[in-house]
Amino acid sequence: MPPVRTSLTHWGAFSAVVDAGDIASVAPWGGDADPSPALGNLPGSVRHISRVTTPAVRRGWLVDGPGPTIRRGAEEFVAISWDELVKLLAGELRRVVDAHGNEAIYGGSYGWSSAGRFHHAQSQVHRFLNCLGGFTFSRHSYSLGATGVIMPRVVGTHDDLFKRSTQWDVIVENTDLMVCFGGLALKNTGVNHGGTTAHPARDALNRFRAKGGRIVSFSPLRDDVDGPCDWFAPVPGTDVAIMLALAFVLATESLADRDFLGTYCTGYERFERYLLGIDDGTPKSPQWAAAISGLDAADLTALARRMASGRTMVTVSWSLQRTRHGEQAPWMGLTLAAMLGQIGLPGGGFGHGYGSMNEPGLAPLRCGLPRLPQGINPVSTFIPVAAVSDMLLQPGEPFDYNGRRLTYPDIRLVYWAGGNPFHHHQNLPRLRRALGRPDTVVVHDPYWTPMAKHADIVVPSTTFAERDDYSGSRNDPVLMAMPRLTEPHGQSRDDYDTFSALAARLGCGDSFTEGRSSREWLQHLYDTWSATLDFEVPSFDAFWEAGALRLPTDDGLTLLADFRADPSAHRLATPSGRIEIFSADIDSFGYDDCAGHPTWFEPSEWLGGPRASEFPLHLLANQPASRLHSQLDGGAASQASKVAGREPIRMNPFDARERGLAAGDVVKVFNDRGSCLAGVVLDNGVRPQVVQLSTGAWFDPADPGDLDSMCVHGNPNVLTDDVGTSSLAHGCTGAHVLVQVEKYSDAAPPVRAHQPPVFAPR
Ligand SMILES: Nc1nc2c(c(=O)[nH]1)N[C@H]1C(S)=C(S)[C@@H](COP(=O)(O)OP(=O)(O)OC[C@H]3O[C@@H](n4cnc5c(=O)[nH]c(N)nc54)[C@H](O)[C@@H]3O)O[C@H]1N2
Ligand SMILES: Nc1nc2c(c(=O)[nH]1)N[C@H]1C(S)=C(S)[C@@H](COP(=O)(O)OP(=O)(O)OC[C@H]3O[C@@H](n4cnc5c(=O)[nH]c(N)nc54)[C@H](O)[C@@H]3O)O[C@H]1N2
Ligand SMILES: [Mo]
C-alpha cells in the first residue's frame with residue numbers, strides 16, 4: 001500500500017497517495033466542505049513532461065555572453081551541470097554588481113509561487129539579493145494594484161479591508177441585502193494566498209439565503225453568483241456610473257445618512273456638487289447612468305430605495321479595480337456605503353473582495369506566523385509592479401506615481417523566482433520586446449513556463465511536493481505541515497539550496513544561510529515564532545508529528561466597528577482621521593486621470609467608446625475556475641476545461657450566430673496588439689457583446705522567432721493593453737480588453753505550450 005500523506009496548496013489541503021515518484025491521487029482534506037476543483041491538477045504534476053529537469057542556458061548566451069537580444073524565447077537551450085550553473089550565474093551577478101551597481105538588478109520577482117512559509121520563492125530571492133547588496137524592487141500586486149494605493153489614502157488601510165472584513169457569520173445573521181459589483185464568484189474563493197484548509201463561502205451564502213437574505217449581482221456573467229440573485233448585466237466597466245446613480249437617488253430623496261457623513265467622513269459636500277452636476281452641468285442621475293451602462297433607470301432608482309430600507313452590504317470585487325481608472329470603483333463603493341450610513345454596523349457597510357478570494361469573510365488569526373526574514377534592501381529604487389515593461393523599455397525616463405516623480409532604473413539583469421510574467425503581464429508582444437533589453441534574464445521554476453523559455457539561465461526548482469515545509473495564512477485557522485511527498489525529480493533543487501550555493505560563491509554564504517540547513521530553518525522559524533505567542537503551542541517535533549495545528553482567531557468581526565464606536569480613539573490613518581470622500585492630497589497632485597473625489601471616467605476599452613467600432617466585443621480576462629493562474633495548466637482539471645485543446649472562450653449564442661460560430665469551433669481572437677486561438681463555448685448567461693477568456697493558458701507562439709506571433713493556445717494577455725490604472729497607482733489593467741472574434745478556418749497549429757524547449761548539444 002503506497003503511503004498517504006497530507007499537504008497543502010494555495011487552493012486547499014489534501015491527502016495524497018504517492019506512487020512511483022509522483023502524486024498518484026488526491027482526496028480533499030477532511031475539514032474542507034467545499035474543496036477546489038483545482039486539486040485535480042496535482043496528480044502527475046511532479047513528473048510532468050513540462051518539468052525543468054536540468055540546469056539550462058540559452059545557447060546564444062553561452063556562445064556570445066550577456067547582452068540585449070530579441071532572440072529570447074526563440075533559441076535552443078544547452079544543458080549544463082550544477083557546478084557550471086553556479087559558476088556562470090555567480091560570475092554574471094558579480095559582473096553586473098561591479099559594473100552597474102545593485103540597482104541594475106530587477107528582483108521584484110512578482111508571483112504566487114507555492115504555499116509554504118520557508119520555501120516561498122519570492123522571500124528566498126529577496127533574501128538572497130539583499131545579502132548581495134540589494135536590488136530594484138516592485139510595490140503592490142497585480143491583484144490589488146489600484147486598491148493598494150487609493151484605499152490607504154481614503155480609508156487608512158488596504159490590508160484590513162480583507163484581513164478584518166465583516167465575517168460571513170455576521171453577514172448571515174444581520175444582512176438583508178448584498179449588492180455585489182462584480183458578483184460573488186465562488187470559483188475564486190477556492191484560493192487563498194499561503195494556503196487554505198476550509199472553504200466556507202458557499203455554505204455561508206446558503207445560510208444567508210435560508211435566513212431571507214437577498215443578493216443583487218452586477219456582472220456581465222450570470223454565473224458570477226451561484227444560485228438565485230437579481231442579475232443586472234451592465235456594459236462592462238460602467239460600475240462607477242451605476243454607483244453614482246444609486247448615490248444620486250440617496251442624495252436627492254433624503255435617503256443619505258447626513259449624520260454619518262458629517263461625523264465619520266470628510267469632503268462629502270465637495271463630492272455632492274459633482275454628483276448633482278452643480279459645476280459640470282451633468283447630474284449623475286439614473287437616466288444618465290442608464291445611457292452609459294445599458295441598464296434601466298427605474299431599476300436603479302428602485303434599487304437605491306431598497307438599499308436604504310434595510311441592512312445593506314455594498315461589495316466591490318477586485319476585478320473592478322484591475323482596469324483603467326481602477327481606483328474609482330472601490331472608492332465609489334466606499335462612498336456609496338458611507339451614504340447609507342451603515343459602515344461599522346454588523347452586516348452593513350462596505351466589503352471589498354467577497355468572491356474574489358477565500359480570505360474576505362474569514363476570521364483573522366490572533367497571532368502572527370512564522371516568517372523567513374528577508375533582510376534589508378539597501379537599494380531604494382522601485383517600480384509599481386505592473387510597470388515592468390515600461391521600466392525595461394524606458395530606462396532613465398521619469399514617471400508619476402502616488403504623488404511622486406520617479407525615474408526608471410537601467411536594468412541589466414532580471415531575476416525571477418516564483419512568478420510567471422507571461423501569465424501576469426499585459427501586452428505580451430511588448431513584454432517580449434522589453435525582455436530583449438537586459439543583458440541577462442534568470443528564471444527559477446519547476447516548469448518550462450513561457451517565462452522560463454524566455455530566460456538565458458534556467459534553474460530547476462523543486463515543487464512543494466519535493467521538500468519539507470509548513471503553511472500559514474493570516475485568515476486560515478490551521479498551520480499545516482507540508483512534508484516532502486516524494487524525491488526531487490531530475491536534477492531539480494530547492495531554491496534555498498541554489499541560493500545557498502550562489503551566496504557561498506559570492507562571499508555572502510554565512511549571511512544567507514546563517515549556518516542552517518533547510519530543516520534547521522523550519523525548526524528555527526517555528527521556535528522563534530512560538531516564543532512570541534501568548535498561548536502554548538506544541539514543540540516543533542510534536543507539531544510535525546501531528547501534521548496540523550489549530551490557531552486562535554478573532555471571531556465575529558465587523559469591518560470598521562471600532563471606528564464607528566469611537567472615531568477619535570480609532571482614528572483612521574488618513575490625513576483627516578476619517579473616510580475621505582474628498583482627498584485634498586490626491587486633488588493636489590493635479591492628475592487628469594484621478595481627481596480629488598470618486599469620478600466617472602470613460603474607459604479606454606469599452607463598448608461605448610470609438611474603439612468598439614473596430615473591436616466590437618468586450619473580453620473579460622478573469623481568473624480561471626480550473627486552476628490557479630498558470631499553475632499546473634497541464635494538469636487534468638485544467639486540461640478537461642479546454643476546447644479543441646485551446647482555452648475556452650465563452651460567448652452569447654447571439655454573437656456566435658452573427659459570426660457563423662458553433663460550440664467547439666476554434667476561433668481567432670484579435671485586436672491591434674495581437675491575436676490568439678481559443679475554443680468556443682456558448683452560454684446565454686454571458687451578456688451579449690461580451691466574451692470571457694480566462695487567464696492562465698501558457699503562451700504558445702506559432703512562430704517563437706516572431707515577436708508578434710499569434711498564441712495558438714489562448715492567452716488573453718497577447719491582447720490586453722499595457723497601461724496603468726492611473727498616474728496615482730499605475731495598477732494592472734488586465735481585466736478588460738476590446739477584441740474581434742472570427743472563425744479560424746486554417747488547420748489549427750498544435751499546442752506545444754507544455755513541451756520542453758529544444759535542447760542543443762554543447
Ligand atoms: N489579463 C489579466 N492578467 C492578469 C490578471 C487578470 O485578471 N487579467 N490577474 C493578475 C493577478 S490578480 C495575478 S495575482 C497574477 C498572477 O501571476 P503569477 O503569480 O505570476 O502566476 P502563477 O501562474 O501563479 O505563477 C507562479 C509561478 O511560480 C512557479 N512556482 C511554484 N512553486 C515554485 C517554487 O517553489 N519555486 C519557484 N522558483 N517557482 C515556483 C510556478 O510554476 C509558476 O510558474 O496575474 C495577473 N494577470
Ligand atoms: N479558481 C481561481 N481562483 C482565484 C484565482 C485563480 O487563478 N483561480 N486567482 C486569485 C487571485 S490572485 C485573485 S487577485 C483573485 C481575483 O479576484 P477578482 O479580480 O474578483 O476575479 P475575476 O475572476 O478576475 O473577476 C470576478 C468577476 O468580475 C466580473 N467583472 C469583470 N469586470 C467587470 C466589470 O467591469 N463590472 C462588473 N460588474 N463585473 C465585472 C467578471 O465577470 C468576473 O468573473 O482571484 C483569486 N481566486
Ligand atoms: Mo491576484
Side-chain angles (χ1 to χ4, degrees), residues 10-11 36-38 50 109-116 119-122 124-125 141-145 180-193 217-221 223-224 232-239 242 316-323 329 353 355-358 386 416-426 443-447 449-452 459-464 466-467 469 494-495 498 603 606 618-633 686-687 690 692-696 698 715-717 719-720 732-737:
H10 294 300
W11 52 94
S36 164
S50 57
S109 192
Y110 181 78
W112 269 57
S113 180
S114 301
H119 290 288
H120 183 239
Q122 197 186 74
Q124 291 284 348
V125 66
S141 63
Y142 280 73
S143 315
L144 289 161
C180 309
F181 292 92
L184 276 177
L186 288 179
K187 70 175 171 72
N188 290 347
T189 61
V191 167
N192 215 33
H193 196 269
S217 175
F218 286 92
S219 171
L221 304 181
D223 66 359
D224 275 340
F232 293 101
V235 169
T238 63
D239 301 80
I242 296 165
V316 174
S317 77
W318 297 356
S319 56
L320 265 61
Q321 50 87 63
R322 205 172 301 113
T323 186
S356 293
M357 189 79 79
N358 201 31
W416 229 286
N420 180 3
F422 280 82
H423 173 80
H424 63 238
H425 199 59
Q426 285 53 67
V443 172
H444 290 215
D445 207 290
Y447 296 95
T449 64
M451 184 59 185
V459 182
S461 303
T462 51
T463 65
F464 77 95
E466 299 157 280
R467 60 200 184 213
D469 209 339
D494 297 353
D495 295 318
T498 305
W606 78 305
H618 190 117
L619 186 148
L620 303 174
N622 65 351
Q623 316 298 309
S626 58
R627 58 183 174 260
L628 171 65
H629 310 142
S630 69
Q631 296 195 32
L632 310 186
D633 181 33
V686 177
R687 184 196 192 279
V690 170
Q692 179 243 323
L693 176 66
S694 289
T695 58
W698 289 15
N715 184 324
N717 275 328
L719 306 160
T720 48
C732 164
T733 60
H736 294 183
V737 60

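What's counted below: heavy atoms across the whole structure, side chains too, no hydrogens, waters or symmetry copies. Residues: numbered from 1 along the sequence shown. Whatever order the structure lists ligands and atoms in, that order sets their numbers, starting from 1.
Of all the heavy atoms of N622, the ones lying under 4.0 Å from any atom of ligand 2 are found in both the backbone and the side chain. When non-hydrogen atoms are compared, ligand 2 lies under 4.0 Å from neither the backbone nor the side chain of W11. Both the backbone and the side chain of S113 come within 4.0 Å of ligand 1, judged by heavy-atom distances. Only side-chain heavy atoms of D495 come within less than 4.0 Å of ligand 1; its backbone N, CA, C and O stay farther off. When non-hydrogen atoms are compared, ligand 1 lies under 4.0 Å from the side chain of Y447 (C-beta onward) but not from its backbone. Contact annotation for S219 and ligand 2: heavy atoms of both the backbone and the side chain come within less than 4.0 Å of the ligand. Of all the heavy atoms of R467, the ones lying under 4.0 Å from any atom of ligand 1 belong exclusively to the side chain. Only the side chain of R322 comes within 4.0 Å of ligand 1, counting heavy atoms alone; its backbone N, CA, C and O stay farther away. Here A121 has side-chain heavy atoms under 4.0 Å from ligand 1, and that is the only part of it that gets that close. Residue contacts with ligand 1, taken as heavy atom pairs separated by less than 4.0 Å, involve Q623 solely via side-chain atoms from C-beta onward. With a 4.0 Å heavy-atom cut-off, ligand 2 is reached by the side chain of L320 but not by its N, CA, C or O.
Taking any N or O of M357, backbone or side chain, none lies under 3.5 Å from an N or O belonging to ligand 2. Where the criterion is an N or O separation shorter than 3.5 Å, residue side chain and backbone included, Y142 fails it with respect to ligand 1. Here's the thing with G418: one of its N/O atoms is less than 3.5 angstrom from an N/O atom of ligand 1. Polar contact check, T720 against ligand 1: no nitrogen or oxygen pair lies under 3.5 Å apart.
Taking Q122 as the reference, nothing meets the side chain to side chain donor-acceptor pair (under 3.5 Å) condition, with sequence neighbours excluded. Checked against side chain to side chain donor-acceptor pair (under 3.5 Å), Q426 has the following partners two or more places apart in sequence or in another chain: N717.
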For the pair N622 and L221, evaluate side chain to side chain contact (heavy atoms under 4.5 Å, CB included) and give the outcome as yes or no after the intermediate values. CA-CA 11 Å; N622 65 351; L221 304 181; 3.9 Å; yes
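Taking each of H423, Q321, H193, R627 in turn, the one with a heavy atom nearest to atom 6 (C) of ligand 2 proves to be R627. Residue D224 holds the heavy atom nearest to atom 42 (O) of ligand 2 of all those in L144, D224, L620. The nearest non-hydrogen atom to atom 16 (C) of ligand 1, considering only H425, H629, H736, comes from H629.
For D469 (side chain) and H119 (main-chain N/O), a donor-acceptor pair under 3.5 Å exists by modelled atom type.
The closest approach between a heavy atom of P236 and any atom of ligand 2 is below 4.0 Å.
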